[in-house]
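To keep things clear, I will list the structure first and then write my remarks on it.
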Amino acid sequence: MGKTARVTAAVTLSTVLCCSLAGAQTGGRAPGDTAAIPHLDTVVVTPDRSATSIRASTVAVNALPGSLIRALPFRSVGDALAIVPGIAVVDASSLGGNPRIIARGFYGGGETDYVSAQIDGVPVAALGSGAVDWSMLPLEGLSRLELVRGATSYLHGDAAVGGTLNALNPVSGPDLTWRAAGGSYRLADAALRATHGFGLGEAAIAADYRSSRGYRLGENSVASNLHARIDRYGGESSLSGFLQLHGRQFDDPGPLLATAGDRRARNGFFRFDQLTNRVDRAGLTGARIYGPAKLSGYLVGEYAAERAVKTLPLSTDFADTKLRRTKAPRALTSVQIELGDDVPGELGRLVAGVDATAGKLTSRYADIVAGDQNAYAASDGSASPADPPSRASRTSVAGFMHWQLRPVAPVRLSIGARVDHIADKFVPSSASGGNTERETHNAVSPRVAVNFALPSSQRTVTNAFLAAGRAFKSPTLDQLFDDRRIPIPVPPYSATVSNPNLVPQHGTSIEAGLYQSWNL
């Protein structure tokens, strides 16, 4: 039997017009056979939080194999998203590795993100800022990236406005791989992954290290990861434990001034700016089949610590630089149940569950320097004694439901909704004289969609979809409560850029598109 090649494309109309490539596996028949070709589609889990054929999706989704990403010269998973239509990547580092993602026009400016990033379904955005450290995602151990473009708040909640990225990292058979590279500007890149099977389980460990001095003077970037994972399988159950250790350092030379004669020069106001952080995670994920139902979930603990020197340029000739130290322990958990199947004429498939998180953010500021270029030139970068700490906490609970029904074989109806409850508390520094703040935000994210399989032939298979829903993004703890004082030239007055009266952003999404396969 001869083999056939297949290309699948999706054209999606939302706030912008874009197209995507979705890989698939297919079989074929000899050229003289007039029977319609069988199609074995790529199966994705992120769009519906359950295994679904990519052509049956009611969203624009890409499945990128990890082997493709590692074969190309990407320095992070965020950089790799540049090959996906509808995604633009702006890198804050001259040699890459510090990307900022623009998904269908949604851009957080490096301060937050409008794409919900996950590792094996567990969110990784920072508690305080909501920003994603893209160097934290496992480039070496990555099995596949699933990127859903468009609003997915009805299943993934807060910040899933521009899309949802899920990096899948399962253990897959005995293997040993390594990589080492070097280049100009002290570029170093190394990675190692080893997997081993034992009895009913498998174990894997992966580590990577990336560093560069950068093109700009005073620029430096270092990132490292260590991932360890153990999977154990039974006849009707699975259980996995994992440990992740991540570290990063980034020295920021600041924006290049138009008046600078040297294109490598460092902005004088940013001569002390640097960031050092650590994120350590450990958790359990599991699944079990109970008759017609599948129960799955995860429990993850996280501890993040950061030391950041950051400059706010308040005018062309005046800036303020402060040191901020933060600590952020957090717990994340999720439980979901999956019932039914995708058989036409039956009751369909129902996915329902609960997500919950609880975390605390402790923050302390210290002054370094404020003033004009002369003040910065005279400063040695030493920090003054730190202010007393401020404390913020966030607790969120959400319930979600997704029902997919096939009344007749070509038609899939999809109905989903999610209800989020977010409770925040802020206790200001004792030196500020402020009052304790409490804020509560609620959001309902409904969605309805249909996928219709058009008549197929030997050459083509086409699915059309139409979806409408709502999405939301809650203000982050930093946007609500960051107590960094901005000096005003008339002492003793100051101001902050945070605002406890901020409310969630809401949006309506209407999306239509095609998944079409051509037998070449």
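One is the number of the first residue; the rest follow in order along the sequence.
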Under 6.0 Å from the six-membered ring centre of Y365 and within 45° of its axis: does the NZ or CZ of R485 meet both?
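No, R485 and Y365 do not form such a contact.
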
Does K327 count as lying over the ring of Y303, i.e. NZ or CZ under 6.0 Å from the six-ring centre, within 45 degrees of the axis?
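No, K327 does not sit over the ring of Y303.
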
Donor-acceptor under 3.5 Å (R193 side chain, A206 main chain):
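Not a single qualifying donor-acceptor pair exists.
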
Can you tell me if R418 uses its side chain to pair, donor with acceptor, with the backbone of L155 under 3.5 Å?
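Pair found, side chain donor or acceptor close to backbone of L155.
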
Between [X] and [Y] (salt bridge meaning N to carboxylate O under 4.0 Å), is one present in this structure?
X    : Y    : result
R213 : D251 : no
D113 : R100 : no
K322 : D367 : yes

Test side chain to side chain contact (heavy atoms under 4.5 Å, CB included) on V115 and T164; report intermediate values, then the result.
CA-CA 5 Å; V115 174; T164 298; 5.8 Å; no

Tell me whether the count of non-hydrogen atoms from other residues, nucleotides or ligands lying under 6.0 Å of CZ in R179 goes above 12.
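Yes.
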
Could you check E146, H156, Q118 and say which one makes a side chain to side chain donor-acceptor pair (under 3.5 Å) with T46?
E146

[X] side, atom [atom1]; [Y] side, atom [atom2] - distance, nearest 0.5 Å:
X    : Y    : atom1 : atom2 : result
D317 : Q373 : CG    : CD    : 9.0 Å
D252 : R271 : CG    : CZ    : 14.5 Å
M136 : L245 : CE    : CG    : 10.0 Å
L192 : Y209 : CG    : OH    : 16.0 Å
H246 : S224 : NE2   : OG    : 7.0 Å
T357 : L332 : OG1   : CG    : 6.0 Å

